[in-house]
Amino acid sequence: MNPNHYINRELSWLEFNERVLEEAVDKSNPLLERLKFLAITASNLDEFFMVRVSSLWAMEGKNPNYKDPAGMTVKHQLREISLKARDMTARQCSCLTRSILPALAKENIRFLPWGELNPGQGENVTRYFRSTVYPILTPMAIDQSRPFPLLNNGALHIITELERHGDDETYFAVMQIPTVIPRIIPLPSEPGQRLFMFLEELVEQHVKELFHGYKVLKTALFRVVRNSDLSIDEEDSQDILDEIERSIKRRKWGDPVKLEIEKKMAKSSRRFLEKALDLDEDDIYEITGPMDHTVWMGFSGLAGADDLRDAPLPPQPCPDFLHREDMFGVIREKDVLVHHPYESFDCVTNFVRQAAADPKTLAIKQTLYRVSGDSPIVSALIQAAENGKQVTVLVELKARFDEENNINWAKKLEKSGCHVVYGLVGLKIHCKMCLVVRREDDGIRRYLHLSTGNYNDNTARIYTDIGYFTCKETFGQDVSSLFNVLTGYSVITSWNKISVAPTSLRETFLYYIGTETKNALEGKDACILAKLNSLVDVDIIDALYKASAAGVSVKLLVRGICCLRPGVEGVSENITVVSIVDRFLEHSRIYYFENAGTPKIFLSSADLMPRNLDRRVEIAFPIEDAALKERLLDILDISFSDTEKLRQLLPDGGYERVDRRGKDHNRSQIRFYEMAAESARQAEEEYGKAEVFRPIEATGRGE
């Protein structure tokens, strides 16, 4: 293994977040969309430290000599992460304070510092402070009898240096900025103006009211990011649900991994926090301007500012189900693909709802990884159980940062009479499957929905995913067997159609990559196209290198992490890697193999990472209908030919925008939406024509 042939996973992820930040910097994007992208980069970076950096810290203690495939030790990785994350943080602050906020001010949307409030505004917010804010605040002194408190993960705090009258000693106190009231406060303003101030500034201006008898010397804001990677002992735990509930509580008090401070913070306060939190200088990040940029996600939805956002793209109805009340009848006629969010997720919800209400339905089996807080899918499953259907739901309790939500839903499902399986020991259930068993006139028939994305009606509006409906018996047999494996004691050694991780999916991908390699060496057409979120697995990367060396054309659209290094002479000259960051999160996984002129196309829940191939239950399923295969190939072709939001991975690990000179304008996500709208329009038109000749129904009165 040559380390020069691989890109470090963590640095590749930081490059992805840089691409998101570029969208915040890009002045061609509407202002509030830029603000939203800025908030996403901040949220992403927080999670990166909570999970990835925390894991590296733990690894450094256990195995300091470990080197990743790129040849980097843990200490080397942490040093490079610190440098890149520090630079990213500075760019975030600069983007906000030097570009976005001044541009908002030109649109009469301004954030006023305390010194710029007029008397009326000052009186207004002071009354608000004393009536609403003051009763919530809890100053926490720190001395011999009161140790440094446990500070909430990610929350904004004020550190205050104090002096008692007649006493030269310096005292410290910390106080959390309340999260139970809005952080951004609207101010009285003239017509045509939108004025705001930050809650933390209001608190700072009145902080002396909380320390009577003391003189406030200095104040500054800070926030702590903690280790939030759950540590669960699955082997010894008697009840996985109880163990995860305990772990969620521990998450709030994980070890600090990052300290963000206001640039103005006094050295004395900085040293105090550094010592109290047991952090080094490399773990401290100075912030210029407003802190915690995740606040801008909510603000980007500011009412009455639609002209500062992208024009809405309401999901279009799936043409195959348009004006067809019987979804099962449609699926019996043909397989159906649905491309979200361009086509509505309603057809998925309706599939479960119809099954729940249908007298012919005997059973529903479904996996749930991440669901919304008010999930219509879960409501339909509960209704199905109450209607006497046999309902089995596999709820993955270990879905990171969704554990609490999933636990709540699992308990509700169980109370309604559903059979609930709480995941598996050592494996996450990440596949997306819904199986409906119906008794029909010609016998039992199984209907399936398989998908690349979660059963989440909220994320289905902003994530690109592909769903597949079928009632083919071979697929039904496979999915029934897989549910039996997951819920009972069953060992399946072969499948009709699907491939399953962790037992056969890696081998499937390696087999088809190897077939393309063999075909290229024999002079046959050989091509691999793939669209996925992350490419990390070394075995897969090495197989792609061999394919490239044999002459296989490999084109990869990898949204996020990519550890494969393209363009290396004699290794990856025939590999191109691109990435798209746009208004929707690219999430679908499509794998295409030329297969000597008889293409194989798979959809999958899995990325090409060790965790997906070895530590999760995932599936890949082939699309065999010629028209649907052609549609998937169109999706790949349009994505790879994007001229607006596509960046190409360079051999040094950086990315650059593609040169669009001489190319037709193509923003792939907008193109997909236009295609969905046109298909829906045509389907509506055809339905209208059919209605013209609709026969009059008999009244039944004998006339």
Side-chain angles (χ1 to χ4, degrees), residues 40 43-44 46-48 50-52 228-230 232 240-241 244-245 247-248 251 294 297 315 338 340-341 344-349 351-352 364-382 391-414 418 420-424 427-435 449-468 483 486 501 532-534 559-561 584-589 603-607 609 611-612 615-619:
I40 292 169
S43 177
N44 285 349
D46 278 352
E47 185 173 333
F48 178 74
M50 290 179 201
V51 178
R52 298 304 307 173
S228 299
D229 201 16
L230 291 186
I232 302 169
I240 190 70
L241 189 145
I244 291 174
E245 286 183 316
S247 296
I248 291 170
R251 172 182 280 161
T294 60
M297 180 58 78
V338 187
H340 309 299
S344 173
F345 190 72
D346 288 350
C347 60
V348 181
T349 304
F351 178 69
V352 185
I364 303 173
K365 300 184 181 185
Q366 186 158 9
T367 60
L368 296 177
Y369 188 74
R370 298 188 193 276
V371 293
S372 60
D374 187 21
S375 172
I377 293 280
V378 175
S379 297
L381 292 170
I382 290 172
V391 181
T392 304
V393 189
L394 286 83
V395 181
E396 181 48 73
L397 299 184
K398 302 185 289 291
R400 185 178 289 128
F401 300 119
D402 275 339
E403 298 96 345
E404 199 164 0
N405 186 49
N406 286 7
I407 286 171
N408 291 335
W409 279 127
K411 290 179 177 178
K412 288 180 181 178
L413 286 163
E414 211 161 34
C418 299
V420 179
V421 176
Y422 299 123
L424 300 171
L427 296 172
K428 284 187 180 181
I429 299 175
H430 191 250
C431 50
K432 328 297 182 183
M433 310 183 298
C434 181
L435 167 67
H449 175 262
L450 307 174
S451 181
T452 66
N454 295 307
Y455 290 105
N456 186 316
D457 55 301
N458 288 336
T459 58
R461 297 188 188 102
I462 54 175
Y463 287 17
T464 74
D465 273 303
I466 300 173
Y468 173 59
F483 272 112
L486 298 177
L532 61 158
N533 300 322
S534 301
R559 184 197 79 217
I561 303 167
F584 301 127
L585 182 82
E586 294 289 341
H587 194 252
S588 51
R589 293 95 166 182
L603 297 177
S604 183
S605 58
D607 291 309
M609 306 176 73
R611 73 180 188 189
N612 297 95
R615 300 190 297 277
R616 291 185 174 187
V617 179
E618 307 270 15
I619 64 169

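Just so it is clear, the structure is predicted and the values come from calculations on it, not from any experiment. For reference, positions follow the sequence shown, starting with 1. All heavy atoms count here, side chains included; hydrogens, waters and symmetry mates do not.
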Next item on the list: Quick one: list whatever passes ring-ring contact (aromatic ring centres under 6.0 Å, His included) with His449, sequence neighbours left out.
Entry: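 By the ring-ring contact (aromatic ring centres under 6.0 Å, His included) rule, His449 matches Tyr455, Phe469.
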Check: Under the ring-ring contact (aromatic ring centres under 6.0 Å, His included) test, which residues partner Phe584, sequence neighbours left out?
Finding: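 With neighbours one apart ignored, the set is Tyr342.
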Minimum-distance pair of heavy atoms, taken over all atoms of [X] and [Y]:
X      : Y      : answer
Val393 : Cys418 : CG2-CB, 4.4 Å
Ser344 : Val338 : O-CG1, 4.0 Å
Leu532 : Ser534 : CD1-O, 3.0 Å
Ala460 : Pro341 : O-CB, 3.1 Å

I need the [X] [atom1] to [Y] [atom2] distance, nearest 0.5 Å.
X      : Y      : atom1 : atom2 : value
Asp457 : Asp346 : CG    : CG    : 9.0 Å
Leu413 : Ser375 : CG    : OG    : 8.5 Å
Leu450 : Leu603 : CG    : CG    : 9.0 Å
Tyr369 : Ser605 : OH    : OG    : 10.5 Å

Who are the side-chain hydrogen bond (donor to acceptor under 3.5 Å, both in side chains) partners of [X], not counting sequence neighbours?
X      : answer
Asp465 : Thr452, His587
Ser588 : Lys531
Asp607 : Asn533, Arg589
Thr294 : Asp292

Is there side-chain contact between [X] and [Y], with heavy atoms separated by less than 4.5 Å?
X      : Y      : value
Val617 : Leu486 : yes
Ser451 : Ile466 : no
Lys432 : Asn454 : yes
Ile377 : Val348 : yes
Val378 : Leu368 : yes
Met433 : Gln366 : no
Leu435 : Phe483 : yes
Thr459 : Arg370 : no

When you measure from the side chain of [X] to the backbone of [Y], do you find a donor-acceptor pair of N or O atoms at a distance under 3.5 Å?
X      : Y      : value
Arg559 : Glu586 : yes
Asn456 : Asn458 : yes
Ser604 : Ile619 : yes
Glu396 : Ile429 : yes

Note to self: Is there a side-chain contact (heavy atoms from CB on, under 4.5 Å) between Leu585 and Thr464? Walk through the geometry before answering.
What the structure shows: CA-CA 6 Å; Leu585 182 82; Thr464 74; over 6 Å; no
Next item on the list: Take Leu394 and Val420 through the test side-chain contact (heavy atoms from CB on, under 4.5 Å) and record every step on the way to the result.
Entry: CA-CA 6 Å; Leu394 286 83; Val420 179; over 6 Å; no
